[in-house]
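Take a look at the structure below.
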There are 2 protein chains.
Amino acid sequence: MIFLDQPDEIKRVSVAVIKRLPKYYECLGNLLKNNVERVSSQELSKILGFTASQIRQDLNNFGEFGQQGYGYNVQQLYLEISKILGLDTVHKMVLIGAGNLGQALVNYGEFRTHGFDIVAVFDTNPALIGRKINNVPIYSTEEIEYFIKENEIDIAVMTVPKGEAEKVAGILEKTRIRGIWNFTPVEIKLENEDILIENVHLIDSLFTLSYRINENKLQKRLLKQKRKIFPRP
Amino acid sequence: MIFLDQPDEIKRVSVAVIKRLPKYYECLGNLLKNNVERVSSQELSKILGFTASQIRQDLNNFGEFGQQGYGYNVQQLYLEISKILGLDTVHKMVLIGAGNLGQALVNYGEFRTHGFDIVAVFDTNPALIGRKINNVPIYSTEEIEYFIKENEIDIAVMTVPKGEAEKVAGILEKTRIRGIWNFTPVEIKLENEDILIENVHLIDSLFTLSYRINENKLQKRLLKQKRKIFPRP
DNA sequence: TAGATTGTTAATCGATTAACAATC
DNA sequence: TAGATTGTTAATCGATTAACAATC
């Protein structure tokens, strides 16, 4: 007879940690390529610019991957993190909107390398339907729902014009899709909370850069404004 | 005679706040379009999903834009935030790497709408040099340094293959460019700290989505592993 | 004026860093 | 074994939220 000591609630991993995971993955991938066998949190800290403490904390959200006095086995940690990121399985994707950006993404090899496989493209333009991009067929948007259901698609990439975004999201909501990778500037809201949305708001990124370029100028202006003028006591 | 009460050090605005600024800007832009005249932090909270308290804190990093009992004037706040983001001036940009992604970005109208103006494209491919994308001329990469110096370019968009990234960054470092909008997966390190780098690491974004899709599965697995088996006392 | 809502101080929450016993 | 380095607890830091006086 045994007792099971099961935690009653799941401690959710913070977004900050999740955003660092791809960095760990990439870094370990590089080390692996260079035939580095083991690595300490100290060494990772030097490469990545996070503190060693933070790295150990981050990793311990998911398990005990290291060994005292040794550090981490590069290959093993790399595999663990790839599992955590879900990169140990192939993700079937469709892309909706075969404009410039859509075509760029279909042609980009890096995604397939990591198991993200765009198997179909959808567009409303009759001139495109029936053609192929990078050997991936283009179908009519009318077929999205049927295709996703038939082909067990995980992820939909949305690269449609912003006016189309809501409509496409509505169609996707009727399927068993797991995630939407949204390149439109529209904030997608779905009833179905099982469908995860990851936004790539390029204009936000550019605005952020613009802010930083402008920052010094701005602060000088603010300082001036905030000066207060007192009459002599 | 007057005394000037000048703060001795600048309080830096946190990254979290900066990342929310584009959201404020977009939201206020929409309100303005709908002829909304005034808005309270309460109402903004409903639209944006941040707390009213956070919104007031964020804005007060930059000035006192509101009025007790009234709220914020939409137009005025919109203009203030556009100034903060540096959107009140035109930014001249060049794009380096006329591949699929590069072409997509040159063709994307949204940037110009907000004053980000791509005035030249550079590529190594002789077949492209001399041609135009969306009326923007393509030049040889050899001309980057000269062109940027002559034309007072603010921002360089890097859409070259990852093998070229370091080299291009080296060229850019020799210019008076203010920022690099980096679409390559390479982590650019420059001596010159005046050049700001904004990364768009698409693959990281996709990995993050994959993590979240995989999360439930993962946590079940982790829970199982973390169960500890005790012999009966 | 009374009601509304700001700007700002104080309290809380969560994430990062430091420290160190455990242990390879 | 001695040295190294983990996993983890405790301390610190910073960001978010709550509360409220100021004031339009």
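Every chain is numbered from 1 and lettered A, B, ... according to where its sequence line falls, protein lines coming before strand lines. It should be emphasised that the depicted structure is a prediction, and the values quoted were computed from it without experimental measurement.
- The shortest distance between the side-chain N/O atoms of A:Y72 and the OP1/OP2 oxygens of D:dG7 is below 4.0 Å.
- Using the six-membered ring where Trp is involved, B:H114 and A:F207 have ring planes that are perpendicular, over 60° apart on the 30 and 60° scheme.
- Listed pair B:Q54 / D:dT16 meets the phosphate criterion, a side-chain N or O lying under 4.0 Å from OP1 or OP2.
- Between the CG atom of B:L77 and the C1' atom of C:dG7 there is a distance of 14 Å, given to the nearest Å.
- Residue-environment remark: CD (B:E26) exceeds the threshold of 12 foreign heavy atoms within 6.0 Å.
- Rounded to whole Å, the distance from CD on A:Q42 to C1' on D:dG7 is 16 Å.
- Among D:dT23, C:dT17, D:dT6, the nucleotide with an atom closest to any side-chain atom of A:S53 is C:dT17.
- For D:dT16, the OP1/OP2 oxygens have no side-chain nitrogen or oxygen of B:T51 closer than 4.0 Å.
- Contact annotation: B:R56 side-chain N/O to C:dT6 OP1/OP2 distance is under 4.0 Å.
- Pairing partner, D:dT6: C:dA21, with both Watson-Crick or wobble hydrogen-bond distances short of 3.5 Å.
- Taking only side-chain atoms of B:A16, from C-beta outward, the nucleotide of C:dT6, C:dC24, D:dT16 with the closest atom is D:dT16.
- One donor-acceptor pair, N or O on each side, does fall under 3.5 Å between the base of C:dT9 and the side chain of B:Q57.
- The backbone N or O of A:T184 sits less than 3.5 Å from a side-chain atom of A:H201, completing a donor-acceptor pair.
- Nucleotides of DNA chain C nearest to B:L59 and A:D58 differ in position, and the one nearer the 5' end is that of B:L59.
- Dashed line: the shortest gap from a side-chain N or O of A:R20 to OP1 or OP2 of C:dT16 is under 4.0 Å.
- Applying the 3.5 Å distance criterion, the base of C:dA15 shares no donor-acceptor pair with the side chain of A:S14.
- Comparing C:dT23, C:dT5, C:dT6 against the side chain of B:R38 picks out C:dT5 as the nearest.
- A donor-acceptor contact shorter than 3.5 Å links the side chain of A:S210 to the backbone of B:L85.
- Other residues, nucleotides and ligands place more than 12 heavy atoms under 6.0 Å from the CD atom of A:Q76.
- For the pair A:S41 and B:V15, nearest-nucleotide mapping onto DNA chain D gives the more 5' position to A:S41.
- B:F50 comes within contact range of no nucleotide atom at all, as no heavy-atom separation falls under 4.0 Å.
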